[in-house]
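What follows is a short report on a single structure.
Order of the sequence lines fixes the chain letters, A, B, ..., with proteins taken first and strands second; residue numbering starts at 1 for each chain.
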There are 2 protein chains.
Amino acid sequence: MLETPIRDRRAERREATRAEILEAAWELARAEGLAALSLRDLARKVGMKAPSLYSYFDSKNAIYDAMYAQGSRQYLERDAGLGLTGEPLNDLKAAMHFFVGFCTEDPVRYQLLFQRTIPGFEPSAESFALSVEGLEAVQKRLAGMGLTDPRALDLLTAVGTGLTDQQISNDPGGDRWARLIDDAMEMFYNHVSNRKGGGAGNDGHAR
Amino acid sequence: MLETPIRDRRAERREATRAEILEAAWELARAEGLAALSLRDLARKVGMKAPSLYSYFDSKNAIYDAMYAQGSRQYLERDAGLGLTGEPLNDLKAAMHFFVGFCTEDPVRYQLLFQRTIPGFEPSAESFALSVEGLEAVQKRLAGMGLTDPRALDLLTAVGTGLTDQQISNDPGGDRWARLIDDAMEMFYNHVSNRKGGGAGNDGHAR
DNA sequence: TCGGAGTCTCTAACATAGTTCGATAACTCT
DNA sequence: AGAGTTATCGAACTATGTTAGAGACTCCGA
């Protein structure tokens, strides 16, 4: 056997360099825009020339893909750490605040993960599977609240991305959007409550 | 004086060529993607070489800008021709169906007008004013329904763009989204009715 | 210790972008 | 017909992603 530790050392260094490149890519993308990321600039930032990057990534899109996977993993981690109370309306609000917060705190990541408007880039099957996992986590949480109608997921996704878009492009600060989310979630919750129970949505303000 | 008709003839020809270039640009963008539009391809399509386009537009972004203005004008026209009944819920549904329909019938136009994800492009002040005009038209119509809360516009915009994004990226056909729009607008209408009148949203199904 | 194998990095170059320059052709008007 | 304006084009410049091939370095077995 002897799967030598030296081989591991090399793999470690390689992985460290990959991580360093990705970190530099995020910084450049946040500074200049995701689509404006150039391999020559990126290489300069990590002390290389452009072709050397091809020792670590097959192409520029492979870099985007690695960033996409990183972003998806960040979402899964953060999502898993989201503690809920068991009270549906509160949890609904918390989940939406989490989603919009996650998106707006890094617009570049949001563009990469959810807008998908980088000219020639489509995530690979592996990376896409990660984001599907995230969507399933959302679906599962909704199911835990009793929301199994697929239209609920559709509508909430629409509201989430729509609010995120507006918040990013209009004005990032202020609690204007926070109150709007609360409002929308109350509206939504009342709606589905009426659909199911008949009139359960009117009494409990749930706080 | 003699502001000669010949001079007009030239201006006409020039304007016709500009329109022809823009038409070809739309076709290419619809076929290959908005960001994949290249001046050399565009020039070939209209029987020119790339530098000749600079006699008609200052830059590639100027072409995008002209397309943006065209799209905004199309929106204003269609919006003005939207006949409403005076019944708030029906009109709300019709307006949202109109908006989402306008967006999904030409995803390239939607991307240009509302997503604004072309790498180096920002609409000029004049073109942007046109789109603001469109937003004001929506605002005015909402006010006509008694919806003056600015949050109403925010939320409806979010729902509109969010639903459009989903419909475009998931599956264009089917009435799944149409029913979702109806559902969302009923929900929204009941919500604002409750806010204002107290309990007017429960009795009238409004159809 | 030496040399081969593998890995990393570089220079040079290619194709394709948008764009500019300068010359040529076409057209308009006197 | 000649002057002035406009349109068009070939050549070239910069910047992009990408590839090929040549050195340099590390590791490992002989």
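- Nearest nucleotide to the A:Y54 side chain, out of C:dT9, D:dG17, C:dT19: D:dG17.
- Taking the six-membered ring for Trp and the full ring otherwise, A:F99 and A:F114 have centroids separated by under 6.0 Å.
- Using a 4.0 Å heavy-atom criterion, one finds that B:F57 contacts no nucleic acid atom at all.
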Mind running ring pair (Phe, Tyr, Trp, His ring centres under 6.0 Å) on A:F98 and A:Y75 for me, showing each step along the way? CA-CA 10 Å; A:F98 158 72; A:Y75 181 83; 5.5 Å; yes
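- Counting only heavy atoms from C-beta on, B:P51 has its side chain closest to D:dA11 among D:dT8, D:dT18, D:dA11.
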Show your reasoning for whether salt bridge (charged side-chain N to carboxylate O under 4.0 Å, His left out) applies to B:E27 and B:R30. CA-CA 5 Å; B:E27 284 177 29; B:R30 281 191 270 259; over 6 Å; no
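- Within 4.0 Å of A:L37, counting heavy atoms only, lie sugar-phosphate atoms of the nucleic acid but no base atom.
- In this structure, B:Y56 reaches the D:dT8 phosphate: one of its side-chain N or O atoms is under 4.0 Å from OP1 or OP2.
- Among the heavy atoms of the strands lying under 4.0 Å from B:S55 is at least one base atom, whether or not backbone atoms are also near.
- When side chains are defined from C-beta on, A:L82 counts as touching A:R141, because their heavy atoms get closer than 4.5 Å.
- Distance, B:L42 CG to C:dA17 C1': 14 Å, rounded to whole Å.
- Atom CZ in A:R44 sits about 17 Å away from atom C1' in C:dT9, given to the nearest Å.
- With D:dG17, C:dT9, C:dG18 as the choices, the nucleotide that has an atom nearest any side-chain atom of A:K60 turns out to be D:dG17.
- Distance CZ (A:R14) to C1' (C:dG6): 12 Å, rounded to an integer number of Å.
- Computed from coordinates, the B:K49 NZ to C:dA25 P distance equals 17 Å when rounded to whole Å.
- Nucleic acid contact for B:R40: base, since at least one base atom lies under 4.0 Å from a heavy atom of the residue.
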